[in-house]
Q: 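Dropping a structure here in C-alpha cells format, bear with me for questions.
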Amino acid sequence: MRIDRRDGEREILYFPRARVAPIAVALVMGAALGVIGPLAGKFDNAICHAVALVFSGGWSWACFAFLVGYSRRSKIESSLLASSALAIGVVVYYLFKFLTPTAPVGRVISAGSGEDLTSRILFWGIAAFVAGAPVGLVGNLGRTSGIGGLPFRLLVPLIAFIETSQRLSVEADSQGLIVDLTWNAIRVVAVVAALALVGHTMWTWRTRRSRPECRSDVGASAKRV
C-alpha cells in the first residue's frame, strides 16, 4: 500500500496490483483446494477416486502451503498468506461437504448439524492456520539457491513419502486396489522429485563453481599474452 497524492485534505491510498493479484490468486487457489477432493470423490470412477485420494492427503495441503510461501519474497507474507489460504481451504472443504453430503447407495443421510459444522471449521481452520505458517516459511526459505535451500525444498517429497508409506502399512489392505496403486504412485513420484531436486542443485552448484575457475584461467592467459 502506498500514498500517491492528496485530494484536498484526504490522502488517496493505492494498493499496487503487482502485490494484490498474487495474494488474491493464492486465496482463490486455497478455496479450490478445499473443493477438489470432496468433489472428485462424488464420481464413481477410478480417476476421480485417485484425484480425491491425492487432494485429501495432508501432503498435498502441505505442498500447497509450501508453494504459496515459495512464491513470496517476504518471510512474514509467506507465513501469513500460506496460513490464510489453508484456513480458507478448510472452511470451503467443510462447507462443501455439509451442503452436498455423499450418501451410500440406497441410503439417505442428513447433512449434520450446524453446531457440528461450526466446531469442525473452528478446530481444523485454526489448526490449518497455525500449521500453514511454518510450512509457508519453509517454502520461502526454499527460495535460497544452492545447497543451502535444498533441505527446505525436500520437505514436501519427504512428507508425501512418509505419509503414504504409513497409510500403505496400515490402511491399504482394507481400501482396495485403486488406493494401493495411488499411494504407491505418490511414493514413486516423491522419490523421483527428491532425486531431481538433489541432482539439479548439485549440477547448479558445480556449474557455478566452474565459472570462476574458467574466468581465472582466461585472465591468466591474457596476462601471459
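As a basis for the values below, the full set of heavy atoms in this structure was taken, side chains included, without hydrogen atoms, waters or symmetry mates.
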Q: Indicate yes or no: at least one non-hydrogen side-chain atom of V90 is less than 4.5 angstrom from one of F129.
A: no
Q: Within the side chain of T144, is there an N or O that forms a donor-acceptor pair under 3.5 Å with the backbone of L141?
A: yes
Q: With rounding to the nearest 0.5 angstrom, report the CG to CG distance, L53 to L181.
A: 10.5 Å
Q: Answer with yes or no whether the hydrophobic clustering places F161 together with L195; edges join I, L, V, M, F, W, Y residues whose side-chain heavy atoms lie under 4.5 Å apart.
A: yes
Q: Grab the two heavy atoms, one from A82 and one from G136, that are nearest each other, plus how far apart they are.
A: CB-CA, 3.7 Å
Q: Would you indicate whether the side-chain heavy atoms of I121 and L95 approach each other to under 4.5 Å?
A: yes
Q: State plainly whether one hydrophobic cluster holds both F123 and L86, where clusters connect Ile, Leu, Val, Met, Phe, Trp and Tyr through side-chain heavy atoms under 4.5 angstrom apart.
A: yes
Q: If you compare all heavy atoms of S56 against all heavy atoms of A52, which two are closest, and at what distance to 0.1 Å?
A: OG-O, 2.8 Å
Q: Once rounded to the nearest 0.5 Å, what's the spacing between atom CG of L155 and atom SG of C63?
A: 10.0 Å
Q: If you apply the rule side-chain contact (heavy atoms from CB on, under 4.5 Å), what do you find for L67 with V156, and how did you get there?
A: CA-CA 10 Å; L67 292 176; V156 173; over 6 Å; no
Q: Other residues, nucleotides and ligands only: do more than 12 of their heavy atoms fall within 6.0 Å of CD1 on I76?
A: no
Q: Decide yes or no for K42 and F96: does some side-chain heavy atom of the first lie under 4.5 Å from some side-chain heavy atom of the second?
A: yes
Q: Given 3.5 Å as the limit, does a donor-acceptor pair link the side chain of S60 with the main chain of V54, or not?
A: yes
Q: Of the non-hydrogen atoms in A65 and G132, which two are nearest, and what is the gap between them?
A: CB-O, 4.5 Å
Q: Can you tell me how far apart CG (L80) and NZ (K75) are? Round to the nearest 0.5 Å.
A: 14.0 Å
Q: Is there a side-chain contact between L197 and P157, using heavy atoms and a 4.5 Å cut-off?
A: yes
Q: To check you understand the geometry: which heavy-atom pair defines the closest contact between I159 and A62, and what is its length?
A: CD1-CB, 4.1 Å
Q: Do T201 side-chain atoms and I147 backbone N/O form a donor-acceptor pair below 3.5 Å?
A: no
Q: Within this structure, what is the CD1-CZ distance for the pair I36 and F55, rounded to the nearest 0.5 Å?
A: 4.5 Å
Q: As a test of understanding, state which of S71, S78, S74 forms a side-chain hydrogen bond (donor to acceptor under 3.5 Å, both in side chains) with N140.
A: S78
Q: Does the side chain of V179 reach to within under 4.5 Å of the side chain of H49, using non-hydrogen atoms?
A: yes
Q: Answer yes if L122 and F98 sit in the same cluster of Ile, Leu, Val, Met, Phe, Trp and Tyr residues linked by side chain heavy atoms under 4.5 Å apart, and no otherwise.
A: no
Q: Under a 3.5 Å distance rule, please check whether W183 uses its side chain to pair with a backbone N or O of I178 as donor and acceptor.
A: no
Q: Where is the tightest heavy-atom contact between A85 and A26, given as atom of each residue plus distance?
A: CB-O, 3.7 Å
Q: If you compare all heavy atoms of Y94 against all heavy atoms of R120, which two are closest, and at what distance to 0.1 Å?
A: CE2-CD, 3.8 Å
Q: Report, as yes or no, whether the 6.0 Å neighbourhood of atom CG on D44 holds more than 12 heavy atoms from other residues, nucleotides or ligands.
A: no
Q: Show your working on side-chain contact (heavy atoms from CB on, under 4.5 Å) between I23 and E77 and close with a plain yes or no.
A: CA-CA 9 Å; I23 293 174; E77 189 174 343; 3.7 Å; yes
Q: If the plane angle is over 60° it's perpendicular, under 30° parallel, otherwise tilted; pick one for H200 and W203.
A: tilted
Q: Does some side-chain heavy atom of L27 sit less than 4.5 Å from a side-chain heavy atom of L81?
A: yes
Q: With the 4.5 Å side-chain cut-off for hydrophobic clustering, are L150 and Y70 part of the same group?
A: no
Q: Per the salt bridge (Lys or Arg N to Asp or Glu O under 4.0 Å) rule, what does the pair list look like for residues 129-158, sequence neighbours excluded?
A: none
Q: Can you tell me if T100 uses its side chain to pair, donor with acceptor, with the backbone of K97 under 3.5 Å?
A: no
Q: For the CZ atom of F152 and the CZ atom of F66, what is their distance to the nearest 0.5 Å?
A: 9.5 Å
Q: Could you check whether any side-chain heavy atom of F43 comes within less than 4.5 Å of a side-chain heavy atom of V51, counting everything from C-beta outward?
A: no
Q: Would a single hydrophobic cluster contain both M29 and V35, if residues Ile, Leu, Val, Met, Phe, Trp and Tyr are joined by side-chain heavy-atom contacts under 4.5 Å?
A: yes
